[in-house]
Amino acid sequence: MKQELIALIQATLDSLKASGQLPADAAPKIMVDNTKDKSHGDYASNIAMVSSKLAGQKPRDWAEVLVNALPTSPILKKAEIAGPGFINFFVTEAASLAVVDTILNQGSRYGHNDSGKGQKVQVEFVSANPTGPLHVGHGRGAAVGDCLARLLEANGWHATREFYYNDAGQQINNLATSVQCRCKGIAPGDEGWPEDGYQGEYIQDVANSFMRGDTIESADQSFTGTKDAEDLEGIRHFAVAYLRREQDLDLKAFEVDFDVYFLESSLYSEGKVEETVTTLIENGYTYEDGGALWLKTTEFGDDKDRVMRKTDGGYTYFVPDVAYHLNKWQRGFKRVINEQGADHHSTVTRVRAGLQALKADIPEGYPDYVLHQMVTVMKGGEEVKLSKRAGSYVTLRDLIDEVGRDATRYFLTARAATSQLTFDIDLARSQSNDNPVYYIQYAHARVCSILRKMKEQGLQWDRENGLAKLDRLAEEQEKLLANQLARFPEVVSIACVQNAPHQIANYLHELASSFHGYYNNHKTIVDDVDLRDARIALTQAAKQVIANGLQILGISAPEEM
RNA sequence: GCGCCCGUAGCUCAAUCGGAUAGAGCAUCGGCCUUCUAAGCCGAGGGUUACAGGUUCGAUUCCUGUCGGGCGCGCCA
């Protein structure tokens, strides 16, 4: 609809250029917006305001010229001038309702587009260290990352979901020694407990399992506890496998699936880290100082250079990170989106700098980042401080168990990633029935109930008749609902361009609100067969759009509630 | 001190990347179930968009400064 209006405006501008009222080289950007207030028509354009100077006229006067020059069109009922020079378009009911036909014919594909042209895109998210269970922050990453991938798929991209396991760093040594202590009966606070040890109770669980000789099966490895508390290497492998399995179960409960689990350790074992370091040295972006090897990240916008290789010979974390991202590029991902917590934002500059220093023709802004702000957890009216070391935090599993998967996913994706969010456990639990996600799902279930009711009454919906009789839908709310349904493809497109899946959630809430209002005001199953068939067609279209939107959010669309 | 993200109703958050009278949910108050699911609908109250300037037809949005919050600033990851 917008495209058609833009075409009308373009034709108008062309005719005014032909008549000399507008300079021939004028090319103002034509924008058509949805209106908030229905008294402003169905769509509005600011074209008169942005082009009045070019025509040497006052905005309102110029708007009048434009409106008078507007060609007649079957979709346009009237055009009005309002405010400082807006042109408000009132489209015909038939033009608005035509979208119902489109939706029912396209089904689950409605709203999708092929702007991605099947290109490969990788979304890396969660990437939690295998040193403990997933907490709420990881949950936000899991929800947002998965929605980003789904959104990209809806826009024609071929998305790969990837999880990067930091299984090679110092934190794994900490984990191993912490478990070893627990195996020996040394608890936090006791003599001999490592200063940086992980204090959570789950460490004891790992130790007990190891000493029992359990066999752990995780995504891609299997390991049996040797029951030997002195076997630090065995404990290391066992603990990593154990915690990976726990995380796998958390993600499974959240219905987040990864295509690739990438192990940091493989970058070392396959020599990729060494290769990267060698290239950086050869390219002249490094220097030695104080026994360490430094990377000149300041040449790529960093505020100070960074150590690559420590005096003890080990590499700092961002070196394998650079090797990893080179690997992503080499795997053919021209586009990569990293979804991470904002506490990792300092890595952005370093990774990008490292990639540029490799001189591998990787674009400067590679990769993209979506950084979600921290999640504050409230419980009992108090903030729960997240501390992995102390083990006092709310796990993703707790949240799913208490609030439910759909509600958790909704809560964590319905807000912009850039805004901090407060997750009030008590509120989410005690008022789970007031969670907005149910409001949306309920709209879907209500539409489903209409067809069930029809069946009960021995009636049948004649879809073809309904689509043929859309002109019977004369209620204002019916037109507004149709206009809102027509917006969905645009919402999907914009949300993707902006990497902002929360816009889908907001749209769905508004759509559900329109539907509930209509449903309460106008009965669908009426005696007039043509009107009934048409109304069912409209509500089925609404149901389809809600289902398509919920699919992008990874939330179920129940048939009844 | 420096960098990143923010500051919108009592609370949690939106606002279609500069548009018209800033919107929802929760909470508060008042209505609506013998008719398709009341997990719903309708209505009321609640705002100097932290503050001060600037840019222009027009600013919650862009720029500068101040104040306030979160997160980083390690030869940890």
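Hydrogens, waters and symmetry mates play no part in the numbers below; they use all other heavy atoms, side chains included. Just so it is clear: chains get the letters A, B, ... in the order the sequence lines come, proteins before strands, and each one is counted from 1. Here the structure is a predicted model, which means the values were calculated and not measured.
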Practice problem: Side chain of A/K304 only, please: which of B/rU37, B/rC73, B/rC13 is the nearest? | Solution: B/rC73
Self-check item: Spacing of the C1' atoms in B/rG1 and B/rG46 (rounded, Å)
Solution: 41 Å
Quiz prompt | Pi-cation contact, A/Y285 with A/K296 (under 6.0 Å, within 45°) | solution = no
Quiz prompt | Strand-adjacent residues in residues 494-509 of chain A, judged by heavy atoms under 4.0 Å from RNA chain B | solution = A/I494, A/Q498, A/H502, A/N506, A/H509
Quiz item: Where the side chain of A/M374 is concerned, which of B/rC76, B/rA20, B/rC71 is the nearest nucleotide?
Solution: B/rC71
Quiz item: In whole angstrom, what separates A/D343's CG from B/rC4's P?
Solution: 17 Å
Quiz item: Is any side-chain N of the basic residue among A/R306 and A/D303 closer than 4.0 Å to the acidic one's carboxylate O?
Solution: yes
Quiz item: Checking ring-ring contact (aromatic ring centres under 6.0 Å, His included) for the pair A/H509/A/Y439: CA distance, chi angles, key distance, verdict?
Solution: CA-CA 8 Å; A/H509 195 272; A/Y439 183 82; 4.8 Å; yes
Quiz prompt | Salt-bridge present (A/E478, A/R472; N to O < 4.0 Å) | solution = no
Practice problem: Answer yes if the side chains of A/Q441 and A/Y410 hold a donor-acceptor pair under 3.5 Å, and no otherwise. | Solution: no
Practice problem: Would you check if A/F86 stacks with the base of B/rA20, given a 5.5 Å centroid limit and a 30° plane limit, both strict? | Solution: yes
Practice problem: Provide, to the nearest angstrom, the distance between the CG atom belonging to A/N520 and the P atom belonging to B/rU35. | Solution: 13 Å
Quiz prompt | Integer angstrom distance from the P of B/rA22 to that of B/rU61 | solution = 15 Å
Quiz item: How would you label the contact of A/T316 with the nucleic acid (heavy atoms, under 4.0 Å): base, sugar-phosphate, or nothing?
Solution: sugar-phosphate
Practice problem: List the steps, then state whether side-chain hydrogen bond (donor to acceptor under 3.5 Å, both in side chains) holds for A/K328 with A/N338. | Solution: CA-CA 11 Å; A/K328 289 184 180 184; A/N338 290 340; 3.0 Å; yes
Self-check item: Interatomic distance, A/N88 CG vs B/rG19 P [rounded to whole Å]
Solution: 15 Å
Quiz item: Between A/E490 and A/K2, is there a side-chain N and carboxylate O pair less than 4.0 Å apart?
Solution: yes
Exercise. Identify which nucleotide among B/rG70, B/rC75, B/rA15 has an atom closest to any side-chain atom of A/V307, counting heavy atoms from C-beta outward.
Key: B/rC75
Quiz item: Can you tell me how far C1' of B/rA24 sits from NE2 of A/H516, to the nearest Å?
Solution: 14 Å
Exercise. Name the orientation of the base relative to the sugar in B/rC33: syn if the glycosidic angle is within 90° of 0, else anti.
Key: syn
Quiz item: Taking the same atom, P, in B/rG25 and in B/rG43, what whole-Å distance lies between them?
Solution: 11 Å
Quiz prompt | A/D530-A/N465 side chain donor-acceptor pair, cut-off 3.5 Å | solution = yes
Quiz item: Is a donor-acceptor pair below 3.5 Å formed from side chain A/Y317 to base B/rA77, judging by atom type as modelled?
Solution: yes
Exercise. Grab the CG-C1' distance between A/D312 and B/rC76 for me, whole Å please.
Key: 12 Å
Exercise. Find the distance A/N46:CG to B/rC17:P and express it as a whole number of Å.
Key: 11 Å
Quiz item: With Watson-Crick and G-U wobble geometry limited to distances under 3.5 Å, how should the secondary structure of RNA chain B be encoded in dot-bracket form, using | for bases paired to another strand and [ ] for crossing pairs?
Solution: (((((((..((((.....[...)))).(((((.......))))).....(((((..]....))))))))))))....
Quiz item: Considering only B/rA77, B/rA20, B/rA39, which nucleotide approaches the side chain of A/H344 most closely?
Solution: B/rA77
Quiz prompt | Shortest side-chain distance from A/Y442, nucleotide among B/rG70, B/rA39, B/rC36 | solution = B/rA39
Quiz item: In terms of side-chain heavy atoms, does A/Q356 have a donor or acceptor partner in A/E364 at a distance below 3.5 Å?
Solution: no
Practice problem: Could you verify whether a donor N or O on one side chain and an acceptor N or O on the other, from A/N155 and A/N113, lie under 3.5 Å apart? | Solution: yes
Quiz item: Mind checking the C1' distance from B/rC29 to B/rC36? Whole angstroms is fine.
Solution: 31 Å
Quiz prompt | Interatomic distance, A/H522 NE2 vs B/rC42 C1' [rounded to whole Å] | solution = 13 Å
Practice problem: Answer yes or no on whether A/R244 is positioned over the face of A/Y261, meaning its NZ or CZ is under 6.0 Å from the six-membered ring centre and within 45° of the axis. | Solution: yes
Quiz item: Which value, in whole Å, describes the distance between the C1' atoms of nucleotides B/rU49 and B/rA15?
Solution: 11 Å
Quiz item: From the list B/rC71, B/rA77, B/rG19, which nucleotide is the closest neighbour of the side chain of A/V50?
Solution: B/rG19
Practice problem: Examine the base of B/rC75 for any acceptor or donor lying under 3.5 Å from a partner atom in the side chain of A/T311, and report the outcome as yes or no. | Solution: yes
Quiz prompt | C1' gap between B/rG47 and B/rG30, integer Å | solution = 23 Å
Quiz item: Nearest to the side chain of A/R415, which nucleotide is it out of B/rU37, B/rA77, B/rA14?
Solution: B/rA14
Quiz item: When we call it a touch if two heavy atoms are under 4.0 Å apart, what does A/L421 touch: a base, just sugar-phosphate, or nothing?
Solution: sugar-phosphate
Quiz prompt | Spacing of the C1' atoms in B/rU8 and B/rG69 (rounded, Å) | solution = 15 Å
Self-check item: Out of B/rC17, B/rG3, B/rA20, whichever nucleotide has its closest atom nearest the side chain of A/H345
Solution: B/rG3
Practice problem: Write down the distance between CD (A/Q57) and P (B/rC57), rounded to a whole number of angstrom. | Solution: 16 Å
Self-check item: B/rU34 and B/rA24, which share atom name C1', separated by this distance in whole Å
Solution: 34 Å
Self-check item: Candidates B/rA77, B/rU37, B/rU16 - which lies nearest the side chain of A/N166
Solution: B/rA77
Practice problem: Report which part of the nucleic acid A/Q457 touches: base, sugar-phosphate, or nothing (heavy-atom distance under 4.0 Å, all strands). | Solution: nothing
Practice problem: Inspect the contact between A/E339 and A/R140 and indicate whether a charged nitrogen and a carboxylate oxygen are less than 4.0 angstrom apart. | Solution: no
